[in-house]
Amino acid sequence: MQTPLIGRSFSLIEKVGLLAILAATLFAGFSEVKQMVRAGHAGVSDLLLLFMYLELVSMVEVYWTAGKLPVRMPLYIAMVALARHMLVDQQLPALDLLGTAVAILLLAVAVVVVRYGHLKLPYRDAIDSRHLS
């Protein structure tokens, strides 16, 4: 059984960690924007990187408010990261390019499976709360 002090301590550590992740993400995002302004242009890979930063901020917000992290969010970020890798590394051998594309496809299938599972096989507490309301 957890004492209230231990529970509050873990909650505080979690909040501080989330703030650190948020601060680092914002710093990286602003640094990237500054670099794009200096360069005078933004490429698709730059925009995908900014999109990944935005998704990380959204992930922190969801975890902060709900206390849970949907599995789909990191999957989306991984898909964008792999797509960006394909764009940035123009010298990828054909087999590596194919492997990366297959990895993106597998992540997309995982998103569909997770989403289907949440709709058709909801968690027990979600079922109970629907019956109570």
Side-chain angles (χ1 to χ4, degrees):
M1 187 157 145
Q2 221 181 73
T3 65
L5 179 62
I6 291 174
R8 284 194 307 257
S9 297
F10 280 125
S11 180
L12 179 64
I13 291 168
E14 183 179 64
K15 299 293 184 187
V16 169
L18 285 171
L19 286 174
I21 291 168
L22 179 61
T25 303
L26 291 174
F27 178 79
F30 287 126
S31 296
E32 182 67 22
V33 169
K34 192 166 86 173
Q35 185 178 3
M36 285 187 292
V37 168
R38 250 190 262 130
H41 66 84
V44 174
S45 65
D46 299 320
L47 297 175
L48 287 173
L49 186 58
L50 289 176
F51 182 72
M52 287 188 323
Y53 291 143
L54 185 61
E55 282 295 315
L56 284 168
V57 169
S58 296
M59 208 163 72
V60 168
E61 188 268 334
V62 166
Y63 194 80
W64 185 283
T65 56
K68 300 181 211 172
L69 184 63
V71 173
R72 290 177 291 150
M73 292 186 89
L75 294 175
Y76 295 144
I77 293 170
M79 288 168 45
V80 173
L82 287 171
R84 183 177 183 277
H85 172 66
M86 289 172 69
L87 287 172
V88 169
D89 195 356
Q90 297 289 323
Q91 304 303 320
L92 275 179
L95 197 54
D96 289 354
L97 190 62
L98 180 63
T100 305
V102 168
I104 293 171
L105 179 64
L106 288 173
L107 288 167
V109 168
V111 168
V112 170
V113 167
V114 167
R115 184 70 181 133
Y116 180 82
H118 283 217
L119 289 175
K120 297 297 181 183
L121 305 166
Y123 293 113
R124 188 83 202 141
D125 58 346
I127 293 171
D128 294 341
S129 67
R130 275 191 268 161
H131 289 296
L132 295 175
S133 53

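There is a path of hydrophobic side-chain contacts, each under 4.5 Å, that joins Ile21 to Leu26. Using a 4.5 Å cut-off between side-chain heavy atoms of Ile, Leu, Val, Met, Phe, Trp and Tyr, with links allowed through other members, Leu49 and Leu75 fall into different hydrophobic clusters. Linking ILVMFWY residues whenever their side-chain heavy atoms come closer than 4.5 Å, directly or via other members, places Tyr53 and Leu48 in the same cluster. The hydrophobic clustering, which links ILVMFWY residues whose side-chain heavy atoms are closer than 4.5 Å, places Leu47 and Met79 apart. Tracing side-chain contacts under 4.5 Å through hydrophobic residues (I, L, V, M, F, W, Y), one reaches Trp64 starting from Leu56; they form part of the same cluster.
Taking the side chain to side chain contact (heavy atoms under 4.5 Å, CB included) definition, one finds that Leu54 meets it with nothing, sequence neighbours left out. With sequence neighbours excluded, the residues forming a side chain to side chain contact (heavy atoms under 4.5 Å, CB included) with Phe51 are Glu55, Val80, listed by chain and number. With sequence neighbours excluded, the residues satisfying side chain to side chain contact (heavy atoms under 4.5 Å, CB included) with Leu69 are Met59, Tyr63, Met73, Pro74. Legend: residues meeting side chain to side chain contact (heavy atoms under 4.5 Å, CB included) with Leu5, ordered by chain and number and at least two apart, are Thr3, Arg8, Ser9.
Distance CZ/Arg72 to CD1/Ile77: 12.5 Å, rounded to 0.5 Å.
Counting only residues at least two apart or in different chains, side chain to side chain donor-acceptor pair (under 3.5 Å) contacts with residues 24-45 are absent.
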Residues 88-112 side chain polar contacts: donor-acceptor under 3.5 Å, at least two apart:
| unit_1 | atom_1 | unit_2 | atom_2 | d |
| --- | --- | --- | --- | --- |
| Gln90 | NE2 | Leu87 | O | 2.2 |
| Thr100 | OG1 | Asp96 | O | 2.8 |

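Leu50 is listed as a side-chain neighbour of Val33, based on a closest heavy-atom distance under 4.5 Å.
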